[in-house]
A.B. asks: 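I have a structure I would like to understand better, so I am pasting it below and will then ask my questions one at a time.
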Amino acid sequence: MKLATWNVNSLKVRLPHVLQWLADNPIDVLCLQETKLTDDKFPVAEIEAAGYQVAYTGQKTYNGVAILSRHPMTEVVRNNPLFPDEQQRIIAATIQDVRVVCAYVPNGQSVGSDKYEYKLKWLAALREWLAQELAQHPGLALLGDYNIAPADADVHDPAAWAGSVLVSEPEREAFRQLCALELKDAFRLFEQPEKTYSWWDYRQMAFRRNMGLRIDHILLSPPLAARCTACVIDRVPRKWEQPSDHTPVVATLS
DNA sequence: ATGGCGATCATAGATCGA
């Protein structure tokens, strides 16, 4: 089973990219973030025509998440039941023996801002809910845009980024608290090329200069981590015309 | 120090993202 996550920064603009990438990479499950579509505008027919079922929850302009699956989805949950929220940032579904949680973690804007406080509260509530989910679903995968670079190795210029949003210590502690649920960062289960990132700013030719951050992650519970044979970041779609600023992360389970 | 770029929307400049 192959699972992937991709922040598409508008599914309206990026639907051709998603369909092309799925044609090239016929994986089982794809989690999307930042669809930026209300549910009435979600491109269900195009995705079904590509061979995927889909569950989604969105809103106008901001946020929005979806799960595309080649296999039936059950127990679909939208949002964190422990954290009432207007912002559509979480969708979960059970696919075969895997509880798939797709998350778009708040950006946080800047350290100390209201949005930063919201991010930390949101992450604490996510952890609380995941503990409950794990009790019912031992095989759980948390895929998404975490908006956290867990370590300096995930940052192109750690000195320049030190202490700022996406790398600050409270955010990294929140990431570690998710890992403390025994979730494993699939990417770090394997030897990886240095300076591998999942996001590059549109400005300053950041992609060409590889000025990136690794902020999109797949965390796996112990039974799934034991089955994981690979985890890669696919830079290819970032080179396409009119790309998302994020690129897919893919995990393979035996 | 500021703005870079891109998407969105009360379609023009503002807001947000990361």
Side-chain angles (χ1 to χ4, degrees), chain A residues 5-18 31-43 56-66 85-90 102-123 126 143-175 187 195-218 233 235 237-249:
Chain A
T5 180
W6 193 3
N7 179 324
V8 289
N9 184 20
S10 167
L11 185 56
K12 180 182 171 191
V13 174
R14 237 66 71 182
L15 179 61
H17 302 65
V18 170
C31 295
L32 301 180
Q33 301 86 39
E34 282 207 271
T35 56
K36 299 187 178 180
L37 292 173
T38 50
D39 291 351
D40 58 306
K41 296 199 166 64
F42 198 91
Y56 49 92
T57 184
Q59 65 187 86
K60 195 173 174 182
T61 310
Y62 301 116
N63 310 313
V65 286
D85 193 354
E86 299 283 302
Q87 304 188 25
Q88 302 303 301
R89 295 180 174 277
I90 291 178
C102 170
Y104 175 44
V105 176
N107 165 283
Q109 197 168 57
S110 59
V111 173
S113 67
D114 290 349
K115 289 177 179 176
Y116 183 80
E117 295 306 315
Y118 164 73
K119 179 179 193 172
L120 295 178
K121 287 190 171 74
W122 191 98
L123 283 162
L126 174 65
L143 305 93
D145 176 359
Y146 289 58
N147 272 317
I148 301 170
D152 282 352
D154 305 308
V155 180
H156 70 93
D157 186 346
W161 278 88
S164 72
V165 73
L166 313 187
V167 309
S168 75
E169 186 49 35
E171 292 167 87
R172 287 179 166 175
E173 176 58 22
F175 186 87
F187 187 78
K195 305 185 190 303
T196 301
Y197 310 121
S198 67
W199 170 87
W200 301 262
D201 200 297
Y202 285 119
R203 297 164 287 190
Q204 297 179 300
M205 295 185 293
F207 180 63
R208 273 204 277 169
R209 300 159 70 190
N210 198 28
M211 297 167 61
L213 303 176
R214 192 176 70 94
I215 54 176
D216 301 88
H217 309 296
I218 299 176
I233 294 178
R235 296 164 55 96
R238 190 64 177 77
K239 303 173 185 175
W240 293 346
E241 287 292 312
Q242 203 177 8
S244 169
D245 44 357
H246 297 250
T247 206
V249 185

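Below, chain A is the first sequence line, B the second, and so on; all start at residue 1.
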A.B. asks: Closer than 4.0 Å, any side-chain N/O of Ser10(A) to the OP1 or OP2 of dT8(B)?
C.D. replies: yes
A.B. asks: Out of Asp145(A), Leu123(A), Asp216(A), Ile215(A), which one pairs with Val105(A) under the side-chain contact (heavy atoms from CB on, under 4.5 Å) rule?
C.D. replies: Leu123(A)
A.B. asks: Report yes if a side-chain nitrogen or oxygen of Lys60(A) is closer than 4.0 Å to either non-bridging phosphate oxygen (OP1 or OP2) of dA10(B); otherwise report no.
C.D. replies: yes
A.B. asks: Establish, for the pair Arg214(A) and Tyr197(A), whether the NZ or CZ atom is under 6.0 angstrom from the six-membered ring centre and no further than 45 degrees off its axis.
C.D. replies: no
A.B. asks: Report yes if a side-chain nitrogen or oxygen of Asn147(A) is closer than 4.0 Å to either non-bridging phosphate oxygen (OP1 or OP2) of dA18(B); otherwise report no.
C.D. replies: yes
A.B. asks: What integer distance in Å separates Arg238(A):CZ from dG6(B):C1'?
C.D. replies: 10 Å
A.B. asks: P atom, dA12(B) versus dG17(B): distance in rounded Å?
C.D. replies: 24 Å
A.B. asks: Rounded to whole angstrom, note down the P distance from dA14(B) over to dG4(B).
C.D. replies: 12 Å
A.B. asks: Could you tell me how far apart Leu11(A) (CG) and dT8(B) (P) are, to the nearest whole angstrom?
C.D. replies: 10 Å
A.B. asks: Expressed in angstrom and rounded to an integer, what is the separation of Tyr104(A) atom OH from dG17(B) atom P?
C.D. replies: 6 Å
A.B. asks: Across the strands shown, which category fits Lys119(A) at heavy-atom distances under 4.0 angstrom: base, sugar-phosphate, nothing?
C.D. replies: nothing
A.B. asks: Between the base of dA18(B) and the side chain of Asp201(A), is there a donor and acceptor pair under 3.5 angstrom?
C.D. replies: no
A.B. asks: With heavy-atom distances below 4.5 Å as the criterion, would you say the side chains of Gln242(A) and Arg14(A) are in contact?
C.D. replies: yes
A.B. asks: Which of parallel (below 30°), tilted (30 to 60°) and perpendicular (above 60°) describes Tyr56(A) and Phe42(A)?
C.D. replies: parallel
A.B. asks: Charged N to carboxylate O below 4.0 Å: is that the case for Asp154(A) and Arg172(A)?
C.D. replies: no
A.B. asks: Quickly work out the Glu241(A) CD to dA7(B) P distance and round it to whole Å.
C.D. replies: 12 Å
A.B. asks: Will you find, in the side chains of Thr38(A) and Gln59(A), an N or O donor that is under 3.5 Å from an N or O acceptor?
C.D. replies: no
A.B. asks: Please check if atom CD in Glu86(A) has more than 12 non-hydrogen atoms from other residues, nucleotides or ligands closer than 6.0 Å.
C.D. replies: no
A.B. asks: Rounded to whole angstrom, note down the C1' distance from dA1(B) over to dT11(B).
C.D. replies: 31 Å
A.B. asks: Between P on dA18(B) and CD on Glu171(A), what's the gap in Å once rounded to a whole number?
C.D. replies: 12 Å
A.B. asks: Just the rounded figure in Å: distance from P of dC16(B) to CD of Gln109(A).
C.D. replies: 6 Å
A.B. asks: Considering only the P atoms, how many Å lie between dC9(B) and dG3(B), rounded to the nearest integer?
C.D. replies: 25 Å
A.B. asks: Want to settle it: does Pro106(A) or Pro243(A) sit nearer the 5' end of DNA chain B, counting the closest nucleotide to each?
C.D. replies: Pro243(A)
A.B. asks: At a heavy-atom distance below 4.0 Å, what parts of residues 202-214 of chain A sit against DNA chain B?
C.D. replies: Tyr202(A), Arg203(A), Gln204(A)
A.B. asks: Classify Asn7(A) by what it touches in the nucleic acid, base, sugar-phosphate, or nothing, heavy-atom distance under 4.0 Å.
C.D. replies: sugar-phosphate
A.B. asks: Of the options dC9(B), dA7(B), dA18(B), whose atoms approach the side-chain atoms of Trp199(A) most closely?
C.D. replies: dA18(B)
A.B. asks: Between P on dG17(B) and CD on Glu34(A), what's the gap in Å once rounded to a whole number?
C.D. replies: 8 Å
A.B. asks: Which value, in whole Å, describes the distance between the P atoms of nucleotides dA10(B) and dT15(B)?
C.D. replies: 15 Å
A.B. asks: Closer than 4.0 Å, any side-chain N/O of Lys115(A) to the OP1 or OP2 of dG17(B)?
C.D. replies: yes
A.B. asks: Could you state the atom-to-atom distance from CG of Asn9(A) to C1' of dG17(B) in whole Å?
C.D. replies: 8 Å
A.B. asks: Taking side chain as C-beta onward, heavy atoms only, is Thr5(A) less than 4.5 Å from Gln33(A)?
C.D. replies: yes
A.B. asks: Can you check whether Asp245(A)'s main-chain N or O pairs, donor with acceptor, with Tyr202(A)'s side chain at less than 3.5 Å?
C.D. replies: yes
A.B. asks: Could you pick out which residue, Thr61(A) or Val105(A), lies toward the 5' side of DNA chain B when each is mapped onto its nearest nucleotide?
C.D. replies: Thr61(A)
A.B. asks: Pick the P atom in dG13(B) and in dA18(B), then give their distance to the nearest Å.
C.D. replies: 26 Å
